[in-house]
Every structure is written in C-alpha cells, then in structure tokens.
Q: 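Quick one: the structure is below, questions incoming.
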2 protein chains.
Amino acid sequence: MDDAVAGLAQDRSRLGRSSTAERVADILRDRIIEGLFMPGQRLSEESICEALGVSRNTLREAFRLLSHERLLDHRLNRGVFVRVLSAEDVSDLYRVRRVLEGAAVRRPPTPQALAQISEAMTDAERAAEAGDWRAVGTANIRYHQALVTLNQSPRLDEAMRQLLAELRLVFHVMENPRDFHEPFLDRNRELLKLIEAGEPGRAAAYLDGYLDHAEQLLLRAYEPNR
Amino acid sequence: MDDAVAGLAQDRSRLGRSSTAERVADILRDRIIEGLFMPGQRLSEESICEALGVSRNTLREAFRLLSHERLLDHRLNRGVFVRVLSAEDVSDLYRVRRVLEGAAVRRPPTPQALAQISEAMTDAERAAEAGDWRAVGTANIRYHQALVTLNQSPRLDEAMRQLLAELRLVFHVMENPRDFHEPFLDRNRELLKLIEAGEPGRAAAYLDGYLDHAEQLLLRAYEPNR
DNA sequence: CTTGTCGAATCGTTCAACGATCCTTACGTT
DNA sequence: AACGTAAGGATCGTTGAACGATTCGACAAG
C-alpha cells in the first residue's frame, strides 16, 4: 500500500494545475499558434474579456504571460498585439536552434528519445502521403522538440517549446506550406539515421546545413515585405 | 541628419519602459537576487502591496512575471514563495550552462565581447584583492554573461540572464563565499586566455571541467539538506 | 493517535470607477 | 501644402472594495 501512496507524489503536479488566467493564456496561445489571430493584430482587452467571460484583470494576467513568451507585444497605453517577427528575429531563432539542436545531436541518444523522434517522423510521412501539409508542419515541430530532449534538460525543453511557438508565427507568412515542408521530410529521415548510427559529428554537420537552408527559405519569404 | 534619426531607433526600447507592474517586478527581483528574501519565504500579497503602495492587482501582475522567470513559485490558493531549487534543478542549470557557454567558446570571439569578458575578469580580481567576495560573485556572473554574448544571440543572452538569476538563489546556500568563488578566479583567467588564443577545442574542454567542478561543489552543499 | 469540524487568514476573481495616454479629426497658422 | 494646436473619444493603467473559494491550524470527539 505504501507503494500506491508513494505513486501519488507524481500526480501532485496536477493538483495545482488550474487558474483562470492560465487557462485563458492557454486558449489565446492556441489561437495565436494556429494563426487564427494574425501577427500584428491588436487584441482588445474589452472585447476579449467579454467574449471569454472573464474580468479585465484576469485577462491582463494572461496577457502578461504570453508577452513573456514573446507571443504578444505589450505596448504601454496602446494594448497588446500579436507579435510580428522581424527578419532579425528569424535569424536569431535559428541561431538558438543551432545551439540547442546542435548540442542535442552530439549526445548519446536514449532509446525513449529516439522512439519519440521516430514517431514524429512517421507521423509526418503519413500526413505527407495524405496531403495534409498542416499536419506535416505539426509533426515536424514535434520531431525537433523530441530532438532537443536528447539534452535531457527540462529547461532546454521548455526553451525549445517557446522557440517553436514563436517560429509558428513565422510559418504563417509561407503562402505554400507544401513547398516549405516537403523537402525536409527526407532530411529529417536522414538526420535520424545519422543519429541512430552513432555519428554525432556527421549528424551535427548535416543539421547545420539543414538549418541554414530552412533559415534562408524563411528569410526569402520575408524579403518582399520590405 | 539621417544618421542621427537612425540612431534614435536604438533608444526606442527606453520609451515603453515603464509600467507599475514591471517596476514592482524589478524591485522584487533585486530583493530576491540579493538574498533579502530567502528561498522558501512566502510573499504575502497584502503586506507587500501595502509596503509598496500599489494595489493587489498590480502586485499580482508582477508576481506572474517573476514566477515565469522561475524566481517565484506560485501555488494555487496558497500564495507565492521564493523559489527553492532542488539538487535536480542545480544539475539542470549546469546542463544548460554547458550548452550555452560551450557553444559560446567555440565561436570566433568578437573584440567587444572579449573586452566585456576581460573587464569582468579584472573587476573580479580587484574585488578579490579587496576581500569583497560578494563583489567577486557579481563580477563572476558578469563574466559568464559576457561569455554567452559570443553567441551573438539576444535570446540566448536573455536565457543566460534568467539562468544566472536562478543560480543566485543557489549561491545563497554557500555559507562561505570565499571558498566557493576564489578557485574560479584563476580558471576564468585561463579560460579567457584560451579563447583569445583562438583555441576553441581546448577552451571548450577546459570549460567542461570548470562547470563540472562548480556543479559538484554546489551539489555537495546541498547534500546535508536531505 | 486518528479523524471530523470549525474559524481565521488569504487567495482568486469580479466589478466599477477615474485619471492618463493615445489616436483621430478638425482647425487655424505659416 | 506642411505644420502646430486643440478637442473628443476610445482604451489603457491602476486602484479599491467586495464576495466566494480554498487552505491551514486548532480543537474536540471517537
């Protein structure tokens, strides 16, 4: 019986798990990530707190959370806006990816992490066959999130989660998701092979080329806008 | 004249710079980092909002910000507490440092970054001569913050800033700051030399040993507490 | 010693209000 | 036509009070 009681300790995290402000933040985060709120759009306190049935103060707490995640841009006395990323932001995001993912592929891979990466990989391929490019994008994100878990660091996982959320804001400027995601299917597969083969050096080099290419594609999509 | 106008863009960040909640967060962050609020201590909404002369709602917004930085622990219906880091947290912080600083030392150093590192180095040495070990700790943190700037990434700089703030919470358990900081003076100097000499491989290896040692010192200090 | 009950303290959330700030528009000046 | 000024409205920033919900500690009953 002591075992059963001890097991409860793991579920403790679920106890504290709720608070209107956090739930509101979750809802808004989803909308932003899904692209239902477009970058640059202003989020009016009044209309949103009425639509969600929460008070302005609670909504403001949620806004603070999302601004801190760089998904919203909070301008004093002017309200909050969905973040608009600049070309410099894109470059910076890829600099961080090179560091985080680069460190990941140099680590001895754990079976669980490999399984997660592999699962995301097959999900992406299945979605590609079905022609669901939005799902391909989602699976691709899961792939890279799983990649970072090789670092075995909760904080780096969290950092990657936030980074990928920001990156989704960028993906919305890609008018044709297929052209953007399709080429990376083979690359993800190849990278996974190199990791499984225990060749960290080659995997890291391959990853660098991979990220350079993706960054340039995105930057090119940003060119016309200025 | 266009130059002068363009130069203004850099000061734009100062414009938005104010909001009671953020200023409150700044004040509290300083107190926490300086150790005036001890880890585990509860921060009562009522007493603090009265002491600072702000409303509870505003204070709560500040609390949200600091919880998001992992400096406060927000437990539902129980209030906010100064974060208490576990031994696992310490290990994770050092895993992140290995990734962030490890990537930094492998980069070709820029003159400005080197200057900043060098300045922190001499500040630390000067403070050591004066026997001011608290100042040594502060300069040491500046040193590593400057180290990360080699990555040339604002997001990584920010991540390092937060990481070091967390680490200060841990340093408060070191009863004797001199024993902890003194050995690292020579190591910092040696690491700087290796970077200046353009030997990224040896610098990275040296850094790893450095971080391993620091982590173990901290973990040993944590042992008695459990 | 364990369990149930109760009250105080505090949190979570809402609501209403007022001043401050920003944007827009209009008007007059140069 | 370009610029400075003024007025108005919309929205934000912040406050203060209020009430239910939750937690914690004490104390009595089993």
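All values below come from the heavy atoms of this structure, side chains included, with hydrogens, waters and symmetry mates left out. To find a chain, count down the sequence lines: A is the first, B the second, and so on, and within it residues start at 1.
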Q: Go nucleotide by nucleotide along DNA chain C from the 5' end; which of B:Arg42 and A:Asn77 gets its closest nucleotide reached first?
A: B:Arg42
Q: Between B:Tyr94 and B:His213, does the ring-ring contact (aromatic ring centres under 6.0 Å, His included) criterion hold? Intermediate values first, please.
A: CA-CA 10 Å; B:Tyr94 275 86; B:His213 183 209; over 10 Å; no
Q: Nearest-nucleotide wise, let me know which of B:Asn57 and B:Leu43 is further upstream toward the 5' end of DNA chain C.
A: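 Result of the comparison: B:Leu43.
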Q: Ignoring the backbone of B:Arg78, work out which of D:dT23, D:dG13, C:dT14 is nearest its side chain.
A: D:dT23
Q: Heavy atoms, side chains only, cut-off 4.5 Å: are B:Asn151 and A:Arg95 in contact?
A: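 When only atoms from C-beta onward are counted, A:Arg95 and B:Asn151 do not touch, as no gap falls below 4.5 Å.
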Q: I want to check one thing: is the phosphate of D:dT15, taken as OP1 and OP2, less than 4.0 Å away from some side-chain N or O of B:Arg56?
A: no
Q: Quick one: is C:dG12 close enough that its OP1 or OP2 comes under 4.0 Å of any side-chain N or O from B:His74?
A: yes
Q: Could you tell me the separation between the CZ atom of A:Arg75 and the P atom of D:dG13, rounded to a whole number of Å?
A: 13 Å
Q: Just how far, in rounded Å, is P of D:dT23 from CD of B:Glu46?
A: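 Going from B:Glu46 (CD) to D:dT23 (P), I get 19 Å.
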Q: Hey, does the side chain of A:Ser44 come within less than 4.0 Å of D:dT11's phosphate (OP1/OP2), counting only N and O?
A: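 It does not, given that no N or O in the side chain of A:Ser44 lies less than 4.0 Å from OP1 or OP2 of D:dT11.
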Q: Give me the ring orientation class for A:Phe171 and A:Phe180: parallel if the planes are under 30° apart, tilted from 30 to 60°, perpendicular past 60°.
A: tilted
Q: Just checking, any donor-acceptor pair under 3.5 angstrom between side chains of B:Thr149 and B:Asp157?
A: no
Q: Examine C:dC11: is either OP1 or OP2 under 4.0 Å from a nitrogen or oxygen in the side chain of B:Arg60? Give yes or no.
A: no
Q: CG of B:Leu76 versus C1' of C:dT10: gap in Å, rounded?
A: 12 Å
Q: If I take atom CZ in residue B:Arg23 and atom P in nucleotide D:dT14, what distance separates them, rounded to the nearest angstrom?
A: 7 Å
Q: Whole angstroms only, please: what is the CD-C1' distance between B:Glu61 and D:dT15?
A: 12 Å
Q: Would you kindly give the CD-to-P distance between B:Glu50 and D:dA17, to the nearest whole Å?
A: 12 Å
Q: By nearest atom, which of the nucleotides D:dG13, C:dG12, C:dT13 is closest to the A:Glu45 side chain?
A: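 Within the option list, the nearest is D:dG13.
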Q: Please check the phosphate of D:dT14 (OP1 and OP2 only) for any side-chain N or O of B:Ser55 closer than 4.0 Å.
A: no
Q: Is the distance from OP1 or OP2 of D:dT14 to the nearest side-chain N or O of B:Thr20 less than 4.0 Å?
A: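 Indeed, a polar side-chain atom of B:Thr20 lies that close.
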Q: For the pair made of CD in B:Glu22 and C1' in D:dC12, what is the distance, rounded to whole Å?
A: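 Taking atom C1' of D:dC12 as the reference, CD of B:Glu22 is at 14 Å.
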Q: Scan A:Leu72, A:Leu43, A:Val80 and name whichever one has a side-chain contact (heavy atoms from CB on, under 4.5 Å) with A:Leu66.
A: A:Leu72
